[in-house]
4 protein chains.
Amino acid sequence: MSSNISEKKTGAAGSQPNHKRPALVPQRSVGRERVAMLLAAASKVIEERGFDAATMAEIASRSDTKIGSLYRFFPNKEVLADALMQRFTELRDTQCDAIDARAREVSTDELADLLVNSLAEIHDEAKALVALLDARSEWSGKRIEYREKSIRRIVGTLLLRAPTLPEETAKDMAVVILNNMKTMVAMTFDKSAPTTPGSTAELRLMNRLYLASKLAGHELPAVQAGASPLGDAKGRS
Amino acid sequence: MSSNISEKKTGAAGSQPNHKRPALVPQRSVGRERVAMLLAAASKVIEERGFDAATMAEIASRSDTKIGSLYRFFPNKEVLADALMQRFTELRDTQCDAIDARAREVSTDELADLLVNSLAEIHDEAKALVALLDARSEWSGKRIEYREKSIRRIVGTLLLRAPTLPEETAKDMAVVILNNMKTMVAMTFDKSAPTTPGSTAELRLMNRLYLASKLAGHELPAVQAGASPLGDAKGRS
Amino acid sequence: MSSNISEKKTGAAGSQPNHKRPALVPQRSVGRERVAMLLAAASKVIEERGFDAATMAEIASRSDTKIGSLYRFFPNKEVLADALMQRFTELRDTQCDAIDARAREVSTDELADLLVNSLAEIHDEAKALVALLDARSEWSGKRIEYREKSIRRIVGTLLLRAPTLPEETAKDMAVVILNNMKTMVAMTFDKSAPTTPGSTAELRLMNRLYLASKLAGHELPAVQAGASPLGDAKGRS
Amino acid sequence: MSSNISEKKTGAAGSQPNHKRPALVPQRSVGRERVAMLLAAASKVIEERGFDAATMAEIASRSDTKIGSLYRFFPNKEVLADALMQRFTELRDTQCDAIDARAREVSTDELADLLVNSLAEIHDEAKALVALLDARSEWSGKRIEYREKSIRRIVGTLLLRAPTLPEETAKDMAVVILNNMKTMVAMTFDKSAPTTPGSTAELRLMNRLYLASKLAGHELPAVQAGASPLGDAKGRS
DNA sequence: GATGAATGAGATTTCATTCAT
DNA sequence: CATGAATGAAATCTCATTCAT
């Protein structure tokens with residue numbers, strides 16, 4: 001019952017299925033566009049319905065594509081999920097790079113905000129990402145990988161800011177911060193259980209308090225305090 | 001003039017069946033036991049697979065029950081979920097009561113820990129609860145209700161401790177704290193993405209910091225600072 | 001946070017599927033053939049067993065189709081019934097047109113026969129039609145519609161023949177005549193309770209008597225009495 | 001697929017089923033009441049849903065009986081149907097007797113009305129009866145029997161009135177009249193496709209015309225023409 | 001290469017009937 | 001004996017995936 005991905009039914013006539021074939025990389029621009037539309041649609045459908053309930057048929061029809069074409073590019077649902085994860089990975093890396101670039105300049109509070117907001121800033125995409133990450137059982141390798149890489153990136157950022165922080169501590173912190181990022185997404189985009197704008201401010205505040213507390217004593221000397229949009233971080237001083 | 005004498009007529013969507021019928025309350029002890037087993041199995045399966053992926057057949061077989069008996073007591077999957085939610089609700093209320101009873105005596109740090117640990121203390125159950133709460137698509141009313149009631153209970157606890165806290169603020173805080181509770185569950189019981197014990201300590205710390213910061217100035221005078229098992233809460237002092 | 005990668009997720013009432021989707025219009029010739037076979041099989045099975053007792057599985061197997069293909073074109077049993085009804089509607093309109101075309105030329109007796117025979121002349125189809133019309137519980141809109149349109153058509157024919165007939169009277173007559181048509185079908189094709197050929201003659205006679213009686217004094221002047229195959233209509237004159 | 005009535009599943013543990021056992025005849029008055037309630041409920045449910053869609057469970061619950069008790073008295077659905085048919089048979093015989101008693105006294109028109117109304121006068125019951133009679137395929141013996149006996153009774157009535165009528169003709173007529181009786185029930189009680197009161201008058205008229213026409217020349221001499229509520233039967237003179 | 005069609009395993013749900021307390 | 005519970009075959013419907021045109 002806890003079967004692997006390629007254990008399922010096969011449909012149609014005999015022959016050997018192409019289960020393990022990776023996503024087709026489109027050669028022409030028209031193909032690239034098609035793939036982009038497919039991924040966008042997949043993201044939206046998965047966001048709305050969750051990975052399980054998302055059907056290949058709906059993904060195809062929402063992207064004005066026919067089911068046959070969808071399978072040309074993504075030979076199965078898992079590959080599609082992987083492709084999405086990869087896109088998320090790239091988006092995340094871009095954002096992490098951006099954060100790292102500013103990690104030493106900004107105030108601790110700002111850094112906290114940058115981190116906690118980063119996932120939610122991918123907006124559309126983030127919800128689907130969370131849906132994917134939370135798909136229970138059978139985490140495809142890609143999904144575990146994403147999680148670990150994310151933690152590593154956050155660790156990297158933290159160490160950039162506070163080089164003397166023990167790596168183990170940084171990792172534990174990263175886990176917490178990653179969860180805050182997911183929580184921010186949930187709060188920001190959940191239509192069925194809308195949260196007050198105040199609660200996102202509270203989340204940000206908590207994240208600031210936590211980061212400030214943990215980094216105290218480890219921070220680099222030459223940090224110039226930037227203005228933080230939340231106002232001066234109450235609760236410490 | 002329709003119909004037929006040897007009607008197999010046993011199909012799913014056929015007539016207008018007991019859709020919408022509430023869960024059957026068992027009359028005999030054997031029935032009560034069966035229901036208990038069914039709920040336990042449901043909880044476990046949903047925890048493992050997620051709500052969508054959990055199948056009624058697996059729930060039945062795991063509780064040594066035939067599918068027909070499962071449907072006797074729970075006429076559909078949604079009602080089963082509702083029954084689970086109700087059990088969780090009762091567990092939660094018990095825990096909230098216990099926390100409220102101690103809310104004025106314990107230190108702020110302890111209160112923070114009580115809150116953040118409470119969900120995870122229901123262990124077995126909690127994972128399924130989270131799976132249920134996070135099931136995408138139509139949140140049955142019960143699910144939304146649970147969330148709101150939980151928030152109200154946390155608000156109640158906060159106001160018990162800090163009566164002068166503005167209610168709106170308390171509600172925003174409750175949302176954040178509730179998410180911390182869910183995060184704690186995820187960290188504690190997720191086998192596929194195990195987190196270091198350190199990370200739960202970090203989560204607890206963050207939660208303490210946050211609560212202490214928010215309650216500062218609102219707290220009742222006569223709180224005796226109990227020793228907190230985490231050690232002195234670094235980062236405040 | 002629900003879901004799972006290897007979602008069998010193929011259940012019936014699971015997500016929010018193409019319930020309510022209309023019948024799929026086949027694009028290719030092979031599809032059109034398949035749909036034709038499906039409708040024919042459906043008609044036959046419903047005729048034999050009645051609507052409730054007819055199973056989608058039997059309809060599929062009788063048309064050498066797999067159940068999945070049946071559901072591709074007809075997303076549920078109701079839609080299949082609707083499609084049949086539409087075909088019947090078309091057949092009926094064709095026949096009504098033909099009758100109307102001759103309504104002024106033929107004798108009253110002939111007109112009566114034309115009407116009462118018309119349904120039974122569709123043969124194969126008619127039995128299934130009657131089964132559908134008589135299916136208890138929720139008459140899909142289509143079914144009520146059929147009935148009303150049929151009555152309207154008969155009214156039209158009557159008024160063509162006897163323009164001075166009060167419309168309300170015509171409508172009441174139409175109800176009776178429609179029932180005679182259904183009775184004729186039942187008599188003609190019911191294998192389980194075969195009726196003597198004599199009884200259909202009697203039904204025809206009754207229908208003639210009735211029509212002649214009601215139209216007397218309202219008929220158009222220039223009707224040429226055609227010979228009626230039943231012989232001279234005994235009982236009037 | 002066209003299995004007999006006792007070909008179905010068995011449920012529970014092994015042992016030999018009591019399929020062919022007839023309905024239990026209750027010995028005590030409480031039992032007789034119980035049976036009466038069960039039959040009444042069965043009649044109502046079958047009327048509403050049709051025989052196929054009627055479930056034993058609903059029949060039990062509507063008669064404030066438990067499913068186990070229902071099965072004590074009626075060991076299966078077929079037996080229940082048979083019992084209903086028997087009640088209908090008795091009702092019919094009572095009515096036929098009453099009609100026969102007056103058959104020679106009343107006018108032809110009145111006789112026609114007596115016949116065509118008789119079924120509908122059992123109102124509550126009649127709808128269920130029709131539902132039973134129209135259950136397609138697998139007519140239990142009882143059902144065929146009912147039909148034939150009804151025809152024989154009508155033949156009897158006709159011959160009482162017109163002894164010189166050839167028996168074959170009488171039988172053909174009886175088929176037609178029986179159908180008129182069923183039509184009257186349909187018109188009178190069908191809520192989903194209500195017919196104007198006018199149409200039942202038309203049906204009665206048609207039935208009168210027919211009977212008068214067929215009996216002409218065969219009738220007994222000493223019939224006193226009773227006033228017919230429908231007015232003078234136009235169309236004959 | 002695009003796409004409509006085919007496939008079939010499997011999920012949910014129903015219900016007649018039997019049994020055990 | 002009354003009745004709650006158990007059973008399991010069967011019906012409806014879904015959807016990932018493959019093929020043929």
Side-chain angles (χ1 to χ4, degrees), chain A residues 5-6 8-19 31 34 55-58 60 65-72 75-78, chain B residues 7-15 17-19 24 26-31 34 54-58 65-73 75-77, chain C residues 7-15 17-19 24 26-31 34 54-58 65-77, chain D residues 5-6 8-19 31 55-58 60 65-72 75-78:
Chain A
I5 191 63
S6 47
K8 272 168 310 185
K9 48 268 186 165
T10 327
S15 84
Q16 57 281 33
N18 49 356
H19 272 334
R34 172 85 30 120
T55 74
M56 296 298 268
E58 184 171 5
T65 302
K66 300 308 178 320
I67 186 79
S69 299
L70 170 53
Y71 271 88
R72 269 203 70 70
N76 60 53
K77 209 178 171 185
E78 181 70 357
Chain B
E7 243 24 36
K8 356 240 124 89
K9 154 82 307 188
T10 41
S15 32
N18 34 350
H19 260 354
L24 189 75
Q27 308 291 316
R28 303 183 189 178
S29 71
V30 54
R34 172 101 351 155
T55 76
M56 296 298 268
E58 185 172 3
T65 300
K66 298 308 179 315
I67 189 83
S69 297
L70 170 51
Y71 272 90
R72 172 172 169 76
F73 292 105
N76 59 55
K77 211 176 168 184
Chain C
E7 241 24 36
K8 359 237 124 91
K9 156 80 305 188
T10 41
S15 31
N18 32 350
H19 262 355
L24 189 74
Q27 308 290 315
R28 302 184 190 175
S29 71
V30 55
R34 171 106 345 160
T55 75
M56 298 297 268
E58 184 173 5
T65 301
K66 299 306 180 315
I67 188 85
S69 298
L70 170 52
Y71 273 91
R72 172 172 168 74
F73 292 106
F74 303 101
N76 59 55
K77 212 177 168 183
Chain D
I5 191 63
S6 48
K8 274 168 306 183
K9 47 268 186 165
T10 326
S15 84
Q16 56 281 34
N18 49 357
H19 271 334
T55 74
M56 296 297 270
E58 184 172 5
T65 302
K66 300 308 179 321
I67 185 79
S69 299
L70 171 53
Y71 270 88
R72 269 203 67 70
N76 60 53
K77 207 179 172 183
E78 180 69 358

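Letters go in sequence order (proteins before strands), and every chain restarts at 1. What's counted below: heavy atoms across the whole structure, side chains too, no hydrogens, waters or symmetry copies.
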(message) Can you measure C:Y71 atom OH to F:dT17 atom C1' for me and round it to whole angstrom units?
(response) 21 Å

(message) So, using side chain to side chain contact (heavy atoms under 4.5 Å, CB included) as the criterion, who are the partners of B:R34 when residues are at least two apart?
(response) B:L38, B:T65, B:S69, B:F73

(request) Could you check which of E:dA16, F:dG4, F:dA2 has an atom nearest any side-chain atom of D:R72? (result) F:dA2

(request) Taking only the side-chain heavy atoms of B:L24 (C-beta and beyond), determine which of E:dT13, F:dA5, E:dT3 contains the nearest atom. (result) F:dA5

(request) Among F:dG8, E:dT13, F:dC13, find the nucleotide with the atom closest to the side chain of B:N76. (result) E:dT13

(request) Figure out the CZ/P separation between C:F74 and F:dA11, and round it to whole Å. (result) 20 Å

(request) Using heavy atoms to find the nearest nucleotide of DNA chain E for A:I67 and B:M56 separately, return the residue whose nucleotide is more 5′. (result) A:I67

(request) Give the minimum heavy-atom separation between C:M56 and C:F74, together with the two atoms involved. (result) CE-O, 4.5 Å

(request) Starting from C1' on E:dT7, measure out to CZ on C:R34 and report it in whole angstrom. (result) 10 Å

(request) Would you indicate which nucleotide in F:dG4, F:dT12, F:dA2 comes nearest to any side-chain atom of D:S69? (result) F:dA2

(message) Between B:R28 and E:dT21, is there a contact of a side-chain N or O with OP1 or OP2 at under 4.0 Å?
(response) no

(message) Please determine whether a side-chain nitrogen or oxygen atom of D:K77 lies at a distance below 4.0 Å from atom OP1 or OP2 of E:dA16.
(response) yes

(message) Side chain of C:K66, heavy atoms from C-beta onward: which of E:dC15, E:dG8, E:dT14 has the nearest atom to it?
(response) E:dG8

(request) Toss me the dot-bracket line for DNA chain E: Watson-Crick and G-U wobble, both under 3.5 Å, 5' to 3', using | for pairs to another strand and [ ] for crossers. (result) .||||||||||||||||||||

(request) Scan B:G31 against the nucleic acid and name what it touches under 4.0 Å (heavy atoms): base, sugar-phosphate only, or nothing. (result) sugar-phosphate

(request) Can you tell me the distance, in whole Å, between the CG atom of C:L70 and the P atom of E:dG4? (result) 20 Å

(request) Of all the heavy-atom pairs spanning B:G31 and B:P26, show the shortest one and how long it is. (result) C-CB, 3.5 Å

